[in-house]
Amino acid sequence: VTFALYSLLCRNGRLSILPNQQSIDEKLSTYATEDSADTWQCSVVKLFFEKHPGIRKGLLIFVLLGTCMAIGDGVISPLLKYKYEVLKVKISELHDNYVIMVSCVILVGLFSIQHHGTHRVAFLFAPVVAIWLLCISSIGIYNIFHWNPKIYRALCPIYMVKFIKTIGIEAWLSLGGVVLSITGVETMFANLGHFSALPIKIAFTCLVYPCLILAYMGEAAFLSRHHEDIRRSFYKAILGKNLEAVFWPVSTVATFEAILRSQAVISATFSIISQCHALNCFPSVKIIHTSTRIYGKIYIPEVNWILMCFCLAITIGLRDTNVIGHAYGLAVITVMFVTTCLMTLVIVIVWKQGIIKAIACLLLFGSIELLYISACICKVPEGGWISLVLCFIFNCIMYTWNYGTMKKHQFDVENKVSMNRMLSMGPSLGMVRVPGVGLMYSNLASGFPAMFGHFVTNLPAFHQVLVFVCVKSVQVPHAELGMFHCIVRYGYKDIQQEKYNFENKLISSIIYFVESEGESIEEPTHEWSANDGNSNVEDHAVSLSQNTSDKSCCEKYSLPSSCVLQVMMNGDNHPEKSFYKDESLQIMKAKEFGVTYILGHSLAKAKNSSSILKKFAIDVVFGFLSKNCREFDAVLDVSHTSLLEVGIKYYV
């Protein structure tokens, strides 16, 4: 949810973290922002961020903090040792090593089946969770009546005040453990992707909250008569004379609930990393769709095994549920606080409400969360350090990758070749035109990348038809792909692996573009010009649609998605219709010779004048990630026989 809120702020507040954004991106139907005029508070906040780039970077790091804590949650949550310690309750003489062994076997099995996806067991989620909630609430009701019927008085806030007065600072420190009672609430935001707000409110108010309250009251009632049985008190309460028969059924349901909950958290981690990659905040990884019917069900092998290794290391190394609990509590409450802060900005920038309402929201929720965070920080030596270490590792990777990617794009922008210069040099280049179609990929939305200049300098020949393709992400969840041109836009939740024949549709779009220009010669209502200063690209630009025959650029860009095509074409600025027909035939003939993908094989190096920290970040960390993560040809699934790589070094 942190990246979703940040993306919303970027669309409305110009806080873009993507380097090649254009005003035409905002024409996407899913990019739509609020139509209401900015309030003076909104304008002040926007102006503040525009004038202070350092504040924007700080906001990005703050967002990455919450995101990395959420990823850390994906490491800590699957630790089934929480549930398998019930064996220690039933079989007290069981050695800890056997408990750890069982936990590790379950963890390995859990991560080994991730490639099958969650859709195969999704139908079990609701029944198992519902049964689990009803079980703990029923046990809670029994414990209340059996051990202490007056425990309901604990709902009164007066007893909380008495508790604080009685034990003093220990009450504040205990909040580090109390926070575990509300963990899981933050995942309600994730449910908004599948349900509207009303069903979530009804389920939480009518089922989840009452069941949890009854379970905690029952556990408190048991502890009021058994002060020495604090550890594993829930399962010890079941071992009573009247409840012993339900011990194993309840433990079985608890185990299934833990497995399904862990499955959901791991899948959510895959989605988070996929979105971070699309927004240039994570290295390229292999993304596999696990369902042909349900969109968004993905599996990332590298991340899956890394998470498993972290889980096994923590399980074997710590051997204490209290330590793991402290780490889990700090991760969850940090994610909540980051979400609250981002919501404060959303209230002002997106909803355009008064700053008083935003501050009131921050003070109300933020103060409570800061109180919990302060208590959790005191638990850092007792296990909270695990979350901090995981967050630091992921944050360094994500920010360094974003920083290096931005610097590479800056180098491309500073060294790009304009269309005017290329057209003026056209007759004197003396290049050989090779039959076929060449697709040159770059991250520039206009102009020719430095890679192209390096390419033609060392190999003065290129294909008869050369198309510059810019694959880019925009700050919307999904971009409905119904139009094809040169710039292919994806939402940050879209996977850049399409199931259609991209080559054929791209060539068909180019032919349609050429023929439409020939038909428009006698149409005074249709205007276009190469190298128009007001154009979003520096050459022929028009958007194509397979669903409509309208050729007006301004109306085309109002469709669900748009792409822009950059094509090198020979001829004067006012050709005859026959020229366009011949050009179409040449393109079709070139397609028969095959399509070649021309990609840059780049190496980023820090300048000699750079600081030691920058050299370490670019030369060591970014270089290591670039060499050991998936390259763009693997993402595109390009055959080696159709691949041409151009080596180039970036000095950033």
Side-chain angles (χ1 to χ4, degrees), residues 1 4-5 70 73 77 82-83 118-119 121-160 175 177-223 233-235 237-238 243 246 249-265 267-268 294 328-329 332-333 335-336 339-340 343 361 364-365 368-369 372:
V1 72
L5 291 175
D73 187 8
S77 289
Y82 277 111
K83 301 301 180 185
T118 60
H119 63 285
V121 294
F123 69 96
L124 294 174
F125 282 18
V128 170
V129 173
I131 293 173
W132 169 244
L133 290 174
L134 293 175
C135 283
I136 62 176
S137 61
S138 300
I139 294 171
I141 293 173
Y142 172 83
N143 287 331
I144 291 172
F145 285 99
H146 184 73
W147 298 111
N148 190 353
K150 296 181 180 180
I151 197 66
Y152 70 89
R153 296 178 180 177
L155 295 174
C156 180
I158 294 177
Y159 289 94
M160 178 183 67
L175 293 177
V178 173
V179 71
L180 295 177
S181 65
I182 60 174
T183 55
V185 176
E186 77 283 354
T187 58
M188 286 195 298
F189 288 104
N191 295 331
L192 289 173
H194 305 280
F195 305 97
S196 61
L198 182 59
I200 296 175
K201 292 178 180 178
I202 294 175
F204 182 79
T205 306
C206 300
L207 179 64
V208 178
Y209 183 73
C211 290
L212 292 177
I213 289 296
L214 290 172
Y216 288 132
M217 288 175 62
E219 196 169 350
F222 173 79
L223 288 174
S233 57
F234 176 79
Y235 291 101
I238 306 178
L243 288 179
V246 302
V250 172
S251 300
T252 303
V253 174
T255 302
F256 277 110
E257 184 271 339
I259 293 174
L260 293 177
R261 176 171 54 86
S262 301
Q263 175 84 9
V265 173
S267 299
I294 305 175
Y328 184 52
V332 170
I333 198 63
V335 174
M336 290 183 179
T339 302
T340 299
M343 278 302 303
C361 174
L364 176 62
F365 296 102
I368 298 175
E369 290 161 353
Y372 279 107

Quiz item: To the nearest 0.5 Å, how far apart are CD1 in Ile151 and CG in Leu223?
Solution: 9.0 Å
Quiz prompt | Test item: Leu175 and Val179 side chains (from C-beta on) under 4.5 Å apart, heavy atoms | solution = no
Quiz prompt | Value rounded to 0.5 Å, distance of CG in Asn143 from CG in Leu214 | solution = 11.0 Å
Exercise. State whether the number of non-hydrogen atoms from other residues, nucleotides or ligands found under 6.0 Å of Leu155 atom CG is greater than 12.
Key: yes
Practice problem: Quick one: closest heavy-atom pair of Ile144 and Ala221, and the distance? | Solution: CA-CB, 4.0 Å
Exercise. May I have the step-by-step check of side-chain contact (heavy atoms from CB on, under 4.5 Å) for Asp73 and Val335, ending in yes or no?
Key: CA-CA 9 Å; Asp73 187 8; Val335 174; 6.0 Å; no
Exercise. Taking all non-hydrogen atoms of both residues into account, name the closest pair between Ile136 and Leu133 and its distance.
Key: CG1-O, 3.2 Å
Quiz item: Which value, rounded to the nearest 0.5 Å, describes the distance between Leu212 atom CG and Phe204 atom CZ?
Solution: 7.5 Å
Practice problem: Work out which heavy atom in Pro210 is nearest to a heavy atom in Leu207; give both atom names and the distance. | Solution: CD-O, 3.4 Å
Self-check item: Val178 side chain near Tyr372 side chain, heavy-atom distance below 4.5 Å
Solution: yes
Quiz prompt | Pairs involving residues 208-220, ordered by first then second residue, that meet side-chain hydrogen bond (donor to acceptor under 3.5 Å, both in side chains) (sequence neighbours left out) | solution = Glu219-Ser233
Quiz item: Which pair of heavy atoms, one from Trp132 and one from Glu257, lies closest together, and at what distance?
Solution: CD1-CG, 3.7 Å
